[in-house]
*Asks:* 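Handing you this structure, nothing more for now.
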Amino acid sequence: MASLSLRHIYKKYPGGVTAVSDFNLEIKDKEFLVLVGPSGCGKSTTLRMIAGLEEISEGELFIGDRLVNDVAPKDRKIAMVFQNYALYPHMSVFENMAFGLKLSKVPKEVIKKKVEEAARILDITHLLERKPKALSGGQKQRVALGRAIVRDPQVFLLDEPLSNLDAKLRAAMRTELTKLHNSVGTTFIYVTHDQVEAMTMATRIVVMKDGLIQQVATPQKLYDEPVNIFVAGFIGTPQMNFMNGTLEKKGDGVYFVYEGNALKLPKEKAEDPKLAEYIGKEVVCGLRPECIEDAPDPEKYKDAMLDANVDVTELMGAEIYLYLNVGEEGKLIARVSARSQTRAGETVKVGFDMTRLHIFDKDTERCILH
């Protein structure tokens, strides 16, 4: 199996377009690493450089301890699974899965054994004689994975493999891919723009924007400790609420003044030395939707309550999303219990869990305090 090392990797196209800038990453053996970000952020280009399908403009790529910048894709001991499956329509499932091994002159009995073992892992043994046109989207996806597994690659590269599937099947395949990773015990590098896929499958996530790495961390750390406004807004559904306001010192406390409401910071946040230079200045505060309550306990939230107009309510089954207006400009989303009695058109008191507040620098957008 293999670790990967990407050192100062750049991808520059003619005309001065830089798709990936100074990409540095150490990927551990057997890790499930997910590259996530909006369209055009450079994640697929990075994956294609690892595969050898794109030339590296600058920098070094190591698979294990071998420099592979000039090694052909077929000699890199990697397998790639594409968004569109890329199955040969005139071949059976067995022939599609065996095709790469045949080209490598692997003996027939070895091919048969490997294909049958991969089919067993993916639960597609009963489909081996079928042609791709007789398969559903999920079955085609499994065949594409099977074709990769039989090659015993050191690294699996997956480029948005679930994006063509419907929502229910996508959820099922996420579970299957996690189980597959555990049973095959190989390094997985997975590209997606869907942060739910990233959060549910990854051991670590790389968040990218405009060709640059924004943050590399475990899913929970990304959620709890985003380094900037972009990461905070990209990870989490619904996304984090961002509020423009001012930090003010009053008496013995520090308050975040938002749309005419003074919300008191907890003692440990107020006394953090990193906040000192921001007193009296504008900042951006972030709060996750689940940290806003629509029937707050007056004692618990006495220093962190405000009035909000309920614009829209969305029942999601196990919970309700409340779309709120505060003051002139403020728009917030609260994620509350499905038993909530709050209705659209009402004005309600909402409480903020200020212990979960994130404070960002308004100019640099970097996080000052979690």
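Just so it is clear, the structure is predicted and the values come from calculations on it, not from any experiment.
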*Asks:* Output yes when a side-chain donor or acceptor of Arg7 lies under 3.5 Å from a complementary backbone atom of Leu61, and no otherwise.
*Replies:* no
*Asks:* In Å, rounded to the nearest 0.5 Å, how long is the span from NZ of Lys331 to CE of Met243?
*Replies:* 15.0 Å
*Asks:* Tell me, with the steps shown, if Phe99 and Tyr88 meet ring-ring contact (aromatic ring centres under 6.0 Å, His included).
*Replies:* CA-CA 10 Å; Phe99 188 70; Tyr88 296 109; 4.9 Å; yes
*Asks:* Using a strict threshold of under 4.0 Å (side-chain N to carboxylate O), is an ion pair present between Asp152 and Lys114?
*Replies:* yes
*Asks:* Quick one about Asp159 and Ser44 (side-chain donor to acceptor, distance below 3.5 Å, no hydrogens or angles considered), yes or no?
*Replies:* yes
*Asks:* Would you indicate whether the side-chain heavy atoms of Arg356 and Glu290 approach each other to under 4.5 Å?
*Replies:* yes
*Asks:* Testing the basics here: between Leu87 and Pro132, what is the closest heavy-atom pair and its distance to 0.1 Å?
*Replies:* CB-CG, 4.1 Å
*Asks:* Under 3.5 Å, is there a donor-acceptor pair linking the side chains of Glu197 and Thr192?
*Replies:* yes
*Asks:* Side-chain donor-acceptor pairs under 3.5 Å in residues 295-305, sequence neighbours left out?
*Replies:*
{"from": "Asp297", "atom 1": "OD1", "to": "Glu299", "atom 2": "N", "distance (Å)": "2.9"}
{"from": "Tyr301", "atom 1": "OH", "to": "Glu293", "atom 2": "OE2", "distance (Å)": "3.0"}

*Asks:* Verify the distance criterion only: is there a donor paired with an acceptor across the side chains of Ser5 and Glu26 at less than 3.5 Å?
*Replies:* yes
*Asks:* Are the side chain of Gln215 and the backbone of Pro226 linked by a donor-acceptor contact shorter than 3.5 Å?
*Replies:* no
*Asks:* Measuring from Leu322:CG to Arg335:CZ, what's the distance to the nearest 0.5 Å?
*Replies:* 12.0 Å
*Asks:* Please determine whether the number of non-hydrogen atoms from other residues, nucleotides or ligands lying under 6.0 Å from atom NZ of Lys77 exceeds 12.
*Replies:* no
*Asks:* Check the surroundings of atom CD in Glu55: do more than 12 heavy atoms from other residues, nucleotides or ligands lie under 6.0 Å from it?
*Replies:* no
*Asks:* Just so I know, are the side chains of Ile189 and Val155 near enough to count as touching, which here means a heavy-atom distance under 4.5 Å?
*Replies:* yes
*Asks:* Give a yes or no on whether the backbone of Val36 and the side-chain of Gln195 come within a donor-acceptor separation of less than 3.5 Å.
*Replies:* no
*Asks:* For a 4.5 angstrom cut-off between non-hydrogen side-chain atoms, does Val143 reach Met97?
*Replies:* yes
*Asks:* Rounded at 0.5 Å granularity, tell me how far OG1 in Thr18 sits from OH in Tyr10.
*Replies:* 8.5 Å
*Asks:* Between the side chains of Asp22 and Asn24, does any donor sit under 3.5 Å from an acceptor?
*Replies:* yes
*Asks:* Is any side-chain heavy atom of Val93 less than 4.5 Å from a side-chain heavy atom of Gln139?
*Replies:* no
*Asks:* Examine the side chains of Thr364 and Arg366 and answer whether a donor and an acceptor come within less than 3.5 Å of each other.
*Replies:* no
*Asks:* Verify salt bridge (charged side-chain N to carboxylate O under 4.0 Å, His left out) between Glu176 and Lys179, making sure each step is shown before the conclusion.
*Replies:* CA-CA 5 Å; Glu176 292 301 321; Lys179 279 162 51 181; 3.5 Å; yes
*Asks:* Under 3.5 Å, side chain of Gln154 to main-chain N/O of Ala2, donor-acceptor pair present?
*Replies:* no
*Asks:* Count the heavy atoms belonging to other residues, nucleotides or ligands that lie under 6.0 Å from CG of Asp75, then report whether that count exceeds 12.
*Replies:* yes
*Asks:* Any chance CD of Glu268 has more than 12 other-residue heavy atoms, nucleotides or ligands included, within less than 6.0 Å?
*Replies:* yes
*Asks:* Nearest 0.5 Å, what's the NZ-CG distance between Lys108 and Leu101?
*Replies:* 13.5 Å
*Asks:* Give the C-alpha distance, both sets of side-chain angles, the deciding distance and a yes or no for side chain to side chain contact (heavy atoms under 4.5 Å, CB included) between Lys281 and Thr246.
*Replies:* CA-CA 5 Å; Lys281 293 184 182 175; Thr246 312; 5.8 Å; no
*Asks:* Are any side-chain N or O atoms of Lys43 and backbone N or O atoms of Pro38, one a donor and one an acceptor, separated by less than 3.5 Å?
*Replies:* yes
*Asks:* Parallel, tilted or perpendicular: which describes the rings of Phe242 and Phe360, with under 30° parallel and over 60° perpendicular?
*Replies:* perpendicular
*Asks:* Looking only at non-hydrogen atoms, find the nearest pair between Phe256 and Asn244 and report the distance.
*Replies:* CZ-C, 4.1 Å
*Asks:* Distance check, rounded to the nearest 0.5 Å: Ile78 atom CD1 versus Thr187 atom OG1?
*Replies:* 12.0 Å
*Asks:* Show the nearest heavy-atom pair for residues Phe156 and Ala148, with the distance to one decimal.
*Replies:* CE2-CB, 3.3 Å
*Asks:* Only one of His370, Arg288, Glu225 passes side chain to side chain donor-acceptor pair (under 3.5 Å) with His358; say which it is.
*Replies:* His370
*Asks:* For the hydrophobic clusters of this structure (ILVMFWY residues joined by side-chain heavy atoms under 4.5 Å, transitively), does one cluster hold both Met354 and Val326?
*Replies:* yes
*Asks:* Hey, are Asn228 and Gln214 close enough side-chain-wise for a donor-acceptor pair under 3.5 Å?
*Replies:* yes
*Asks:* Under a 3.5 Å distance rule, please check whether Gln141 uses its side chain to pair with a backbone N or O of Gly138 as donor and acceptor.
*Replies:* no
*Asks:* Say whether, by atom type as modelled, one donor and one acceptor occur between the side chain of Asn69 and the main chain of Gly59 under 3.5 angstrom.
*Replies:* yes
*Asks:* Strictly distance-based, threshold 3.5 Å: is any side-chain N or O of Asp224 a donor or acceptor partner for the main-chain N or O of Lys221?
*Replies:* no
*Asks:* With under 30° as parallel and over 60° as perpendicular, where do the rings of Phe32 and Tyr190 fit, or are they tilted in between?
*Replies:* tilted
*Asks:* Please examine the side chains of Thr237 and Val196, heavy atoms only from C-beta on, and report whether any two atoms are closer than 4.5 Å.
*Replies:* yes
*Asks:* In the structure I gave you, are the side-chain heavy atoms of Tyr323 and Thr313 within less than 4.5 Å of one another anywhere?
*Replies:* no
*Asks:* Would you give the length of the straight line joining atom CG of Leu332 to atom OH of Tyr258, rounded to the nearest 0.5 angstrom?
*Replies:* 4.0 Å
*Asks:* Would you say Leu33 and Leu157 are hydrophobically clustered, going by side-chain heavy atoms of ILVMFWY under 4.5 Å?
*Replies:* yes
*Asks:* Under the criterion side chain to side chain contact (heavy atoms under 4.5 Å, CB included), I'd like the reasoning laid out for Val68 against Phe62: C-alpha separation, chi angles, the key distance, then a yes or no.
*Replies:* CA-CA 6 Å; Val68 296; Phe62 288 84; over 6 Å; no
*Asks:* Side chains of Ile333 and Glu314, heavy atoms from C-beta outward: is any pair under 4.5 Å?
*Replies:* no
*Asks:* Could you verify whether a donor N or O on one side chain and an acceptor N or O on the other, from Thr200 and Arg174, lie under 3.5 Å apart?
*Replies:* yes
*Asks:* Could you walk me through whether Val227 and Cys367 pass side chain to side chain contact (heavy atoms under 4.5 Å, CB included), step by step?
*Replies:* CA-CA 5 Å; Val227 295; Cys367 190; 5.6 Å; no
*Asks:* Run through Lys12, His8, Lys11 and flag the one making a side chain to side chain donor-acceptor pair (under 3.5 Å) with Glu58.
*Replies:* Lys12
*Asks:* Any carboxylate oxygen within less than 4.0 angstrom of a Lys/Arg side-chain nitrogen, looking at Lys113 and Glu109?
*Replies:* no
*Asks:* Tell me whether Lys269 contacts the main-chain N or O of Leu357 through its side chain, where contact means a donor paired with an acceptor under 3.5 Å.
*Replies:* yes
*Asks:* Is a side-chain donor or acceptor of Gln341 paired with a backbone partner of Arg339 at a separation under 3.5 angstrom?
*Replies:* yes
*Asks:* Would you say the side-chain atoms of Asp29 and Ser3 include a donor-acceptor pair closer than 3.5 Å?
*Replies:* no
*Asks:* Cut-off 3.5 Å, side chains only: do Tyr13 and Glu54 have a donor facing an acceptor?
*Replies:* yes
*Asks:* Any heavy-atom pair between the side chains of Leu169 and Asp166 that's under 4.5 Å?
*Replies:* yes
*Asks:* Step by step, work out the salt bridge (charged side-chain N to carboxylate O under 4.0 Å, His left out) result for Arg142 and Asp123.
*Replies:* CA-CA 8 Å; Arg142 286 166 193 259; Asp123 195 22; 5.2 Å; no
